[in-house]
Amino acid sequence: MRVLVVEDNERVSSVLQKGLKSQDYQVSVAPDAESALKQVKLLDYDMLIIDIMLPRMSGIELSKRMKSIYPKIPIIMLTALGQIDEKIAGFDAGADDYMVKPFDLRELYVRIAAVLKRNKEFGGWENNETLDYDSLSVNLRSKSVTRNHMDIKLTPKEFDLLVFFMRHHETLLSRDEIARNVWGKNFDTGTNYIDVYINYLRKKVDRDFETKLIHTKSGHGFILSNKE
């Protein structure tokens, strides 16, 4: 399993490199975004670990660039910034998970395993290229979404959330279930991320259409259904 660590702090990158090697990962290090983009062209990586505060090009911008070129590559973002706006920016840039420094390496190992497992499962979606419910259609291969044949633009994490709803339409889903399956089992369910992203999704999927599909069941969770 080959991992690329993009970190400009030599001490931190050295610790990460040693730690990941101890877990039998093949590890490369890039000190900036430009170097990372060059290395990914030369080698196939199974995982990118990107620090958000990089010189010249930020980790957010690098993540966007990577996902535009290699949409399936898993990314874990590292940062000293712990505010919800920064975390949402990271997820919107395509990050699969987010860790705030300082952190225990053992937690990083668990997060890596969870993201890789999730990505493997998500890869199986391509066996069925489209998911359809009511007037909503999701193409898993092209990552495109339409409703009543109108294109809907979603961020990567909004897309993951919608796919989870589509795969479990007319099923009541708790916040914990959504957190575990879309963000990973270590997601902090004490935050309001779930509500924030569901509101984002509603604005794009429901606001301009008569039939509302995403519903809140107070005290229980959320459901994708064309029934009130």
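Note on residues 203-215: pairs passing side-chain hydrogen bond (donor to acceptor under 3.5 Å, both in side chains), not counting sequence neighbours, are Arg147-Asp206, Glu158-Lys204. Each ring pair (Phe, Tyr, Trp, His ring centres under 6.0 Å) pair with one or both residues in residues 133-153, not counting sequence neighbours, appears once here: Tyr133-His169.
Within the 4.5 Å cutoff, side-chain heavy atoms of Leu201 are placed close to those of Leu162. You'll find the side chain of Ile52 reaches within 4.5 Å of the side chain of Tyr98, heavy atoms only. Proximity of Phe91 to Met77: side-chain heavy atoms (C-beta onward) are nowhere separated by under 4.5 Å. Residues Leu213 and Asp134 meet the side-chain proximity criterion, which asks for heavy atoms closer than 4.5 Å. Using a 4.5 Å cut-off on side-chain heavy atoms (C-beta onward), Glu107 and Val110 make no contact. Side-chain contact check for Val163 versus Val138: some heavy-atom pair is nearer than 4.5 Å. Between Leu4 and Ile49, the closest side-chain pair of non-hydrogen atoms is not below 4.5 Å. Considering only heavy atoms from C-beta on, Phe222 comes within 4.5 Å of Asp195 through its side chain.
From Arg167, atom CZ reaches atom CG of Leu224 across 14.0 Å, with rounding to the nearest 0.5 Å. With rounding to the nearest 0.5 angstrom, the CD1 atom of Ile152 is 6.0 Å from the CG atom of Leu136. In this structure, CD1 in Ile50 is found 9.5 Å from CD1 in Ile60, a value given to the nearest 0.5 Å. For the atom pair Met57 CE and Leu54 CG, the distance stands at 9.5 Å (nearest 0.5 Å). Note that CG of Leu62 and CD1 of Ile75 are 7.0 Å apart. Values are rounded to the nearest 0.5 Å. Distance check, rounded to the nearest 0.5 Å: OG of Ser174 to CD1 of Ile223 gives 12.5 Å.
For Lys41, the salt bridge (Lys or Arg N to Asp or Glu O under 4.0 Å) criterion is met by no residue, not counting sequence neighbours. The side chain to side chain contact (heavy atoms under 4.5 Å, CB included) test applied to Leu105 returns Val15, Leu16, Phe103, Leu108, Tyr109, not counting sequence neighbours. With sequence neighbours excluded, the residues forming a side chain to side chain contact (heavy atoms under 4.5 Å, CB included) with Asn139 are Glu129, Thr130, Arg141, Ser142, Ser144, listed by chain and number. Residues meeting the side chain to side chain donor-acceptor pair (under 3.5 Å) test with Ser13, sequence neighbours left out: none. Looking at residues two or more places apart in sequence or on another chain, you find a side chain to side chain donor-acceptor pair (under 3.5 Å) between Asp104 and Arg106. Applying the side chain to side chain donor-acceptor pair (under 3.5 Å) test to Lys67 and every residue at least two apart in sequence or in another chain returns Asp96. Partners of Ser14 under the side chain to side chain contact (heavy atoms under 4.5 Å, CB included) rule, at least two apart in sequence or in another chain, are Lys18. Applying the side chain to side chain donor-acceptor pair (under 3.5 Å) test to Lys227 and every residue at least two apart in sequence or in another chain returns Glu170.
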Test side chain to side chain contact (heavy atoms under 4.5 Å, CB included) on Phe165 and Thr171; report intermediate values, then the result.
CA-CA 8 Å; Phe165 271 120; Thr171 301; over 6 Å; no
Applying side-chain hydrogen bond (donor to acceptor under 3.5 Å, both in side chains), run through Asp151 and Thr146 and close with a yes or a no.
CA-CA 5 Å; Asp151 289 335; Thr146 61; 5.7 Å; no
Residue pair Ile73, Met47: steps toward the side chain to side chain contact (heavy atoms under 4.5 Å, CB included) verdict
CA-CA 6 Å; Ile73 195 165; Met47 164 76 65; over 6 Å; no
Test side chain to side chain contact (heavy atoms under 4.5 Å, CB included) on Ile194 and Leu161; report intermediate values, then the result.
CA-CA 9 Å; Ile194 305 299; Leu161 178 59; 5.9 Å; no
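Smallest separation of non-hydrogen atoms from Pro74 and Val115: CB-CG1, 3.6 Å. Considering every non-hydrogen atom in both Glu7 and Val12, the closest pair reads OE1-CG1, 3.6 Å. When every heavy atom of Val182 is checked against every heavy atom of Lys157, the shortest pair comes out as O-NZ, 3.4 Å. Counting all heavy atoms, side chain and backbone alike, Ile76 lies closest to Met99 at CG2-CG, 4.4 Å. Residues Ala95 and Ser63 share a closest heavy-atom pair of N-OG, 3.8 Å. The minimum heavy-atom distance between Ala36 and Val6, with the atom names listed, is CB-CG2, 3.7 Å.
A continuous path of ILVMFWY side-chain contacts below 4.5 Å connects Met1 to Val5, so both sit in one hydrophobic cluster. Residues Val196 and Val100 fall within the same hydrophobic cluster, defined by Ile, Leu, Val, Met, Phe, Trp and Tyr side chains chained together at heavy-atom separations under 4.5 Å.
Within the 3.5 Å criterion, the main-chain N or O of Arg65 finds a donor-acceptor partner in the side chain of Ser68. With hydrogens and angles disregarded, a donor-acceptor distance shorter than 3.5 Å links the side chain of Asn9 to the backbone of Arg11. Using modelled atom types, no side-chain atom of Ser137 and backbone atom of Asp132 make a donor-acceptor pair closer than 3.5 Å.
Within 6.0 Å of atom CZ in Arg202, more than 12 heavy atoms from other residues, nucleotides or ligands are found, so the atom counts as buried in its surroundings. Enclosure of atom CE in Met53 is not indicated, since only 12 or fewer non-hydrogen atoms of other residues, nucleotides or ligands lie within 6.0 angstrom.
Taking the six-membered ring where the residue is Trp, Tyr197 and Tyr200 present perpendicular rings, their angle passing 60° and hence far from 30°.
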Going by atom type alone, with no hydrogens or angles, which donor-acceptor pairs under 3.5 Å involve a side-chain atom of residues 21-34 and a protein atom two or more places apart or on another chain?
residue	atom	partner	partner atom	Å
Ser22	OG	Gly19	O	2.5
Ser28	OG	Tyr45	OH	3.2
Asp32	OD1	Glu34	N	3.4
Asp32	OD1	Ser35	N	2.8
Asp32	OD1	Ser35	OG	2.8
Asp32	OD2	Arg56	NH2	2.9

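Using a 4.0 Å cut-off between a side-chain N of Lys or Arg and a carboxylate O of Asp or Glu, Arg2 and Asp46 do not qualify as a salt bridge. The pair Lys101-Asp51 meets the salt-bridge criterion, with a side-chain N (NZ, NE, NH1 or NH2) lying under 4.0 Å from an Asp/Glu carboxylate O.
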